[in-house]
Amino acid sequence: FIETNSFIPLIHGHGASAVVVSGSLGARDIAAIGTGLVVAKSGAHVGSRGVAVAAVGSSALAAVGMGLAVQGRIVGIVVAMSALQGVAVGVGIAATNLFIISTTSEAERALGMAASGFATRSAGIVFPLMAGIALGTGGVEAVFYLVGGVLICLGMGTAVVGRKVERAGG
């Protein structure tokens with residue numbers, strides 16, 4: 001997920017100490033690991049669509065919360081929103097894997113995983129470049145508008161794909 005890239009927590013690094021920046025990144029990654037373990041056990045109960053909705057929802061909440069926290073320079077909320085970004089990462093990875101498993105045959109699965117990895121890594125290259133340009137030209141606010149726009153597109157894409165999977169019986 002786009003806003004979980006390490007670039008975003010570092011935006012507040014302008015006036016924040018190394019402890020705050022490190023704490024934000026650590027909180028995000030610890031939450032991602034913990035969430036991944038929980039989703040692995042609960043994913044079967046809510047299904048791939050439920051997991052996808054949770055991923056997009058937690059991403060959106062984290063982006064909005066982070067934007068407000070950075071504007072107000074509220075360090076505790078910045079760290080908490082970084083942890084919520086970690087939840088989005090953990091849920092998002094599970095949602096992607098559940099989607100691939102439910103929509104591919106055993107013979108197609110490796111290709112599905114490879115395509116997912118390619119898309120994730122490509123976004124990991126392109127988004128920081130876009131965010132850097134937005135930060136340099138429009139400041140922190142521009143980055144959060146960019147994140148908001150991307151999240152809206154991801155949410156719409158998740159809804160469309162979810163409907164197609166439901167119709168296909170996945």
Side-chain angles (χ1 to χ4, degrees), residues 1-14 16 18 20-33 35-36 39 48-49 51-71 78-79 81-104 108-165:
F1 289 96
I2 303 299
E3 90 290 348
T4 59
N5 189 292
S6 294
F7 186 82
I8 298 298
L10 294 175
I11 288 174
H12 67 83
H14 294 252
V20 172
V21 173
S22 298
S24 295
L25 294 172
R28 185 200 63 201
D29 292 341
I30 290 167
I33 292 168
T35 302
V39 173
S48 58
R49 185 171 186 193
V51 173
V53 168
V56 173
S58 57
S59 293
L61 278 171
V64 169
M66 182 70 84
L68 295 173
V70 168
Q71 292 304 311
V78 169
V79 174
M81 290 303 103
S82 294
L84 186 56
Q85 289 175 343
V87 170
V89 169
V91 174
I93 291 169
T96 301
N97 290 339
L98 285 170
F99 176 74
I100 291 168
I101 289 168
S102 68
T103 59
T104 58
E108 300 168 323
R109 206 149 291 144
L111 181 60
M113 293 288 186
S116 171
F118 176 78
T120 302
R121 299 301 169 244
S122 296
I125 293 168
V126 172
F127 183 76
L129 294 173
M130 291 170 48
I133 291 168
L135 181 63
T137 59
V140 173
E141 296 85 9
V143 176
F144 286 100
Y145 287 129
L146 172 66
V147 169
V150 169
L151 284 171
I152 289 168
C153 292
L154 286 173
M156 292 182 341
T158 299
V160 169
V161 169
R163 286 191 185 119
K164 287 184 179 190
V165 170

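Basis for what follows: all heavy atoms, side chains included, without hydrogens, waters or symmetry-related copies.
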Query raised in the report: Do Asn97 and Met113 pass the side chain to side chain contact (heavy atoms under 4.5 Å, CB included) test, and can you show the C-alpha distance, the side-chain angles, and the key distance before you say yes or no?
Result: CA-CA 8 Å; Asn97 290 339; Met113 293 288 186; 3.7 Å; yes

Query - With Asp29 via side chain to side chain contact (heavy atoms under 4.5 Å, CB included) - residues at least two apart - result: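 Here no residue qualifies.
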
Requested in this report: Please identify each residue that fulfils side chain to side chain contact (heavy atoms under 4.5 Å, CB included) with Ser22, with sequence neighbours left out.
Outcome: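 Partners of Ser22 under the side chain to side chain contact (heavy atoms under 4.5 Å, CB included) test: none.
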
**Report entry** Pairwise distance OG(Ser116) to CD1(Ile93) - rounded to 0.5 angstrom
**Finding:**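 It comes to 9.0 Å.
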
Query raised in the report: Where the side chain of Arg109 meets the backbone of Ile101, is there a donor-acceptor pair that is under 3.5 Å apart?
Result: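 Yes, the answer is positive, given that a donor and an acceptor are paired below the 3.5 Å cut-off.
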
**Report entry** Heavy-atom pair of closest approach, residues Ala134 and Ala142
**Finding:**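 That closest heavy-atom pairing would be O-CB, 3.6 Å.
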
Query raised in the report: Which atoms form the tightest heavy-atom contact between Ala131 and Val143, and what is the distance?
Result: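 Shortest heavy-atom contact: O-CG2, 3.5 Å.
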
Query raised in the report: Do you know the tightest heavy-atom contact between Leu146 and Met130?
Result: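 Heavy atoms only, the tightest pair is CD1-CE, 3.5 Å.
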
Query - Results of side chain to side chain contact (heavy atoms under 4.5 Å, CB included) for Ala32 - residues two or more places apart only - result: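 Result, side chain to side chain contact (heavy atoms under 4.5 Å, CB included) vs Ala32: Val89.
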
Report task. With rounding to the nearest 0.5 Å, note down the distance linking OG1 in Thr35 to CD1 in Ile30. Result ->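 It is 11.5 Å, given to the nearest 0.5 Å.
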
